Amino acid sequence: MGFLNAAHMQFLFDGLLWTVGLSLIAFAGGGALGFLVALGASYGPRWSRLLVSLYVKLIQGTPLLVLLPLVYFGLPSLGFNIAPLAAAGIALSVYVSAYLGEIWRGCLASVPRTQSEAAECLALRWHQRVLHVLLPQAIKIATPPTVGFMVQIVKNTSLASAIGFVELARAGQIINNSTFEPFVIFMIVAALYFALCYPLSVLSRRLERSFHVANR
């Protein structure tokens, strides 16, 4: 049996940094795709709405643990060499986009229709109505659930270990294989995840109260 030392702790903190980095990649990529999903589902033509609906159902119905190896092993079979970080970033971005897209679509739909009608009466064009009237109100509604969903993004990064990416959870597994102290190691891992996720949960609740979303 080994003992936990400073090198082990440094390895865990390196894994923590990779978890944060992968979470940011997933949020940025998933947010960009999710924004297109929300717009396509809300304001696109009929074929666009059907296509977006199929995309969302397909991605939400596919476990992330299946999507990760599908990207990691599937792209090389098409001739693309891809590193675990890139594969994890792509898979998580696609996964996140389906959920954020649905969250934001619902927020856009919750903006009163009278707002759009009033903007139309002012002779604003479609993109002006969306950018200057609908989106500012939808963003206020969408902020608390978006921040709350970031907790799920952070926790889902632990599944990237399935394709060899060393983030916080995988770093804990590697150290445990050499020290055989699972209780101590995974208590530390849990504490680090808590340190990442709890502030996001608190921020989401505070934003919800400040924006009065819960009483809408």
Side-chain angles (χ1 to χ4, degrees), residues 22-80 82 86-153 155-157 159-160 162-163 204 208 211 213 216:
L22 184 56
S23 299
L24 293 175
I25 291 172
F27 182 74
L33 289 174
F35 182 69
L36 297 178
V37 168
L39 289 182
S42 300
Y43 306 115
R46 179 178 172 80
W47 65 266
S48 172
R49 294 195 298 270
L50 291 174
L51 188 63
V52 166
S53 177
L54 178 62
Y55 171 82
V56 169
K57 290 178 181 177
L58 179 63
I59 299 302
Q60 290 188 352
T62 303
L64 183 56
L65 202 55
V66 173
L67 193 59
L68 283 161
L70 186 64
V71 173
Y72 184 61
F73 297 109
L75 290 181
S77 67
L78 299 177
F80 298 97
I82 188 166
I90 293 172
L92 279 164
S93 294
V94 171
Y95 186 79
V96 167
S97 70
Y99 287 90
L100 284 183
E102 273 295 280
I103 291 172
W104 295 344
R105 181 201 61 77
C107 294
L108 285 168
S110 67
V111 176
R113 185 177 179 83
T114 53
Q115 297 293 313
S116 180
E117 293 173 347
E120 190 173 358
C121 291
L122 294 174
L124 295 179
R125 297 181 178 180
W126 175 82
H127 69 278
Q128 292 175 320
R129 295 200 302 270
V130 172
L131 289 176
H132 301 298
V133 178
L134 302 179
L135 277 182
Q137 297 180 67
I139 288 173
K140 182 177 179 180
I141 301 170
T143 299
T146 300
V147 174
F149 186 72
M150 289 178 68
V151 174
Q152 300 301 319
I153 298 176
K155 292 191 292 186
N156 282 334
T157 58
L159 297 178
I163 58 173
S204 176
E208 187 173 357
F211 289 159
V213 173
R216 290 184 66 91

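Since the structure is predicted, the reported quantities are computational estimates derived from the model, not experimental observations. Starting from 1, each residue takes its place in the sequence as its number.
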Exercise. Report yes if the side chains of Ile82 and Phe73 come closer than 4.5 Å at any heavy-atom pair, otherwise no.
Key: no

Quiz item: Can you check whether Ala41's main-chain N or O pairs, donor with acceptor, with Arg105's side chain at less than 3.5 Å?
Solution: no

Quiz item: Quick one: CG on Leu134 to CD1 on Ile139, what's the gap to the nearest 0.5 Å?
Solution: 11.0 Å

Exercise. Return the minimal non-hydrogen interatomic distance between Leu22 and Ala160, and the atom names on each side.
Key: CD2-CB, 3.9 Å

Quiz item: Will you find, in the side chains of Thr146 and Trp104, an N or O donor that is under 3.5 Å from an N or O acceptor?
Solution: yes

Quiz item: So how far is it from Leu108 CG to Ser42 OG, rounded to the nearest 0.5 Å?
Solution: 4.5 Å

Exercise. Measure the spacing between CG of Leu24 and CE of Met150 and express it to the nearest 0.5 Å.
Key: 6.5 Å

Quiz item: Counting N and O atoms only, with roles assigned by atom type, does the side chain of Glu102 sit under 3.5 Å from a partner on the main chain of Ala98, one being a donor and the other an acceptor?
Solution: no

Exercise. Can you run down the side chain to side chain donor-acceptor pair (under 3.5 Å) pairs that involve residues 56-78, sequence neighbours left out, and say none if there aren't any?
Key: none

Quiz prompt | From Leu135 atom CG to Leu39 atom CG, the distance as rounded to the nearest 0.5 Å | solution = 6.5 Å

Self-check item: Side chain Ser53, main chain Arg49, donor-acceptor under 3.5 Å
Solution: no

Quiz item: Which heavy-atom pair separates Ser204 from Pro144 by the least distance, and what is that distance?
Solution: OG-O, 2.8 Å

Quiz prompt | Any donor-acceptor pair under 3.5 Å from Ser110 side chain to Cys107 backbone | solution = yes

Which side-chain N or O atoms in residues 87-96 pair as donor and acceptor under 3.5 Å with protein atoms at least two apart or in another chain?
unit_1, atom_1, unit_2, atom_2, d
Ser93, OG, Gly89, O, 2.7

Quiz item: Got a second to check how far Leu36's CG is from Tyr55's OH, nearest 0.5 Å?
Solution: 9.5 Å

Quiz prompt | Distance-minimising heavy-atom pair for Thr157 and Ser23 | solution = CG2-OG, 3.4 Å

Quiz prompt | Separation of Tyr99 OH from Ser97 OG (nearest 0.5 Å) | solution = 10.5 Å

